[in-house]
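Worksheet for the structure shown next.
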Amino acid sequence: VAYKLPSSQVKTTLEDIIVQVGRTGSLTPVAVLTEVLVDGSKVSRATLHNEDEIRRKDLKIGDQVWLHKAGAVIPQVLGSIKEDRDGSEREFSMPTHCPECATEIVRPEGEAVSRCPNSRCPAQLEGWIKYFASRQAIDIEGLGDKMVSKLIERGLVKDPADLYDLTVETIQDELVFVDKRG
């Protein structure tokens with residue numbers, strides 16, 4: 001029998017809310033928190049899922065918030081501590097344009113998620129390439145997040161098919177060789 005102990009709830013400050021663009025174009029608000037120790041690890045960020053969740057939890061930038069680890073792993077903001085408000089807190093509003101490519105975002109009727117409809121959005125491209133190269137997909141060994149970012153930044157990769165055209169010569173400035181023999 002395995003028992004899970006209840007997660008600790010820790011008080012911290014919601015310093016800011018940034019918006020990340022995923023590989024499908026979904027915009028996800030992320031809490032930037034004053035770093036705090038929660039159940040043995042330092043936490044400074046937590047997903048807020050979507051704009052509706054922020055409203056449901058009545059979160060404002062500058063709020064004192066309760067934080068815990070859902071399932072003893074994933075940092076989760078539980079809610080604001082309203083009695084600690086001093087009037088300096090600010091409302092969050094989702095951007096009207098993609099933070100990566102400036103395309104006007106859309107939120108389809110009945111959906112909770114706002115999306116960037118630009119299939120050429122750099123953040124979406126980077127997400128797709130990272131996923132394509134990951135263990136869950138093609139599993140390209142040695143093609144990590146930093147390398148993907150550099151290849152896109154240099155214009156060498158504009159879609160997953162471009163990975164097959166790369167040669168050592170075209171990417172030699174991006175490569176770092178490691179002697180695995182020690």
Side-chain angles (χ1 to χ4, degrees), residues 4-107 111-118 121-137 143-153:
K4 277 193 177 180
L5 298 173
S7 177
S8 304
Q9 289 187 13
V10 179
K11 185 177 177 179
T12 189
T13 303
L14 177 61
E15 294 178 3
D16 199 2
I17 299 175
I18 60 172
V19 177
Q20 295 179 336
V21 182
R23 67 182 167 94
T24 62
S26 61
L27 274 67
T28 304
V30 176
V32 178
L33 306 162
T34 301
E35 189 174 273
V36 65
L37 191 64
V38 184
D39 294 337
S41 63
K42 293 179 183 176
V43 176
S44 61
R45 293 188 180 219
T47 182
L48 295 174
H49 303 290
N50 57 56
E51 188 175 17
D52 294 345
E53 189 73 358
I54 293 170
R55 302 285 173 248
R56 186 183 71 74
K57 291 180 177 179
D58 190 25
L59 299 173
K60 296 179 188 293
I61 298 168
D63 267 344
Q64 293 294 302
V65 296
W66 289 114
L67 177 72
H68 84 134
K69 285 190 177 176
V73 177
I74 301 167
Q76 180 182 28
V77 174
L78 296 172
S80 63
I81 305 170
K82 294 180 185 90
E83 56 271 13
D84 285 357
R85 286 185 176 158
D86 63 11
S88 66
E89 299 80 14
R90 302 181 330 269
E91 290 284 336
F92 168 78
S93 56
M94 284 294 280
T96 57
H97 291 78
C98 176
E100 298 292 329
C101 70
T103 301
E104 189 171 348
I105 64 165
V106 296
R107 182 173 172 184
E111 288 192 22
V113 177
S114 298
R115 296 185 186 282
C116 171
N118 179 7
C121 175
Q124 289 184 56
L125 173 62
E126 190 168 327
W128 276 114
I129 301 298
K130 287 176 182 177
Y131 176 75
F132 183 81
S134 72
R135 285 189 195 135
Q136 300 94 336
L143 185 58
D145 292 354
K146 288 182 182 179
M147 178 65 84
V148 169
S149 296
K150 286 183 178 184
L151 293 172
I152 292 170
E153 181 182 305

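Please read these numbers as outputs of a predicted model, since none were measured by experiment.
Among residues two or more places apart in sequence or in another chain, the side-chain hydrogen bond (donor to acceptor under 3.5 Å, both in side chains) test is passed with Q76 by H68. Applying the salt bridge (charged side-chain N to carboxylate O under 4.0 Å, His left out) rule to E153 yields no partners; only residues at least two apart in sequence or on another chain are considered. By the side-chain contact (heavy atoms from CB on, under 4.5 Å) test, L143 is found to be paired with A133, I140, M147, V148, L151, L163, residues two or more places apart in sequence or in another chain being considered. For R45, there are no side-chain hydrogen bond (donor to acceptor under 3.5 Å, both in side chains) partners, not counting sequence neighbours. Residues passing the salt bridge (charged side-chain N to carboxylate O under 4.0 Å, His left out) test with D16: none are found, sequence neighbours excluded. Partners of S80 by side-chain hydrogen bond (donor to acceptor under 3.5 Å, both in side chains), not counting sequence neighbours, listed by chain and number: R85. Partners of D52 under the salt bridge (charged side-chain N to carboxylate O under 4.0 Å, His left out) rule, at least two apart in sequence or in another chain, are R107. Contacts of S44 classified as side-chain hydrogen bond (donor to acceptor under 3.5 Å, both in side chains), with partners at least two apart in sequence or in another chain: none. Residues meeting the salt bridge (charged side-chain N to carboxylate O under 4.0 Å, His left out) test with E91, sequence neighbours left out: R55, K60.
Here the straight-line distance linking atom CG of N118 with atom CD of E100 works out to 11.0 Å at 0.5 Å rounding. With rounding to the nearest 0.5 Å, the separation of OG1 in T13 from CG in D63 is 9.0 Å. With rounding to the nearest 0.5 Å, the separation of CD1 in I17 from CD1 in I61 is 5.0 Å. The CG atom of L14 lies 11.0 Å from the CD1 atom of I81; values are rounded to the nearest 0.5 Å. We find the NZ-NE2 distance between K57 and H49 to be 6.0 Å, quoted to the nearest 0.5 Å. Distance OG/S8 to CG/L37: 9.0 Å, rounded to 0.5 Å.
Contact detail for Q136 and Y131: the closest heavy-atom pair is CB-CE1, 4.2 Å.
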In residues 22-34, what donor-acceptor pairs under 3.5 Å come from side-chain atoms, sequence neighbours left out?
unit_1: T34; atom_1: OG1; unit_2: E15; atom_2: OE2; d: 2.6

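Here salt bridge (Lys or Arg N to Asp or Glu O under 4.0 Å) pairs that include residues 121-132, with residues two or more places apart or in two chains, are E126-K130. Legend: salt bridge (Lys or Arg N to Asp or Glu O under 4.0 Å) pairs involving residues 64-82, not counting sequence neighbours, sorted by first then second residue: D58-K82.
The 12-atom threshold is exceeded at CD1 of I18, counting heavy atoms of other residues, nucleotides or ligands nearer than 6.0 Å.
A donor-acceptor pair under 3.5 Å is formed between the side chain of D86 and the backbone N or O of S88. Side-chain N or O atoms of Q124 include one that pairs as donor or acceptor with a backbone N or O of C116 at under 3.5 Å. Side chain of E89 to main chain of G87: a donor-acceptor pair is present (N/O by atom type, distance under 3.5 Å, no hydrogens or angles).
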Which is it for V65 and L78 under the side chain to side chain contact (heavy atoms under 4.5 Å, CB included) test, yes or no, and what are the steps along the way?
CA-CA 7 Å; V65 296; L78 296 172; over 6 Å; no
List the steps and the verdict of side chain to side chain contact (heavy atoms under 4.5 Å, CB included) for M94 and F92.
CA-CA 7 Å; M94 284 294 280; F92 168 78; 3.7 Å; yes
Under the criterion side chain to side chain contact (heavy atoms under 4.5 Å, CB included), I'd like the reasoning laid out for C98 against V21: C-alpha separation, chi angles, the key distance, then a yes or no.
CA-CA 8 Å; C98 176; V21 182; 3.8 Å; yes
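Inter-residue side-chain proximity for P75 and V38 is flagged as unmet; no heavy-atom pair is nearer than 4.5 Å.
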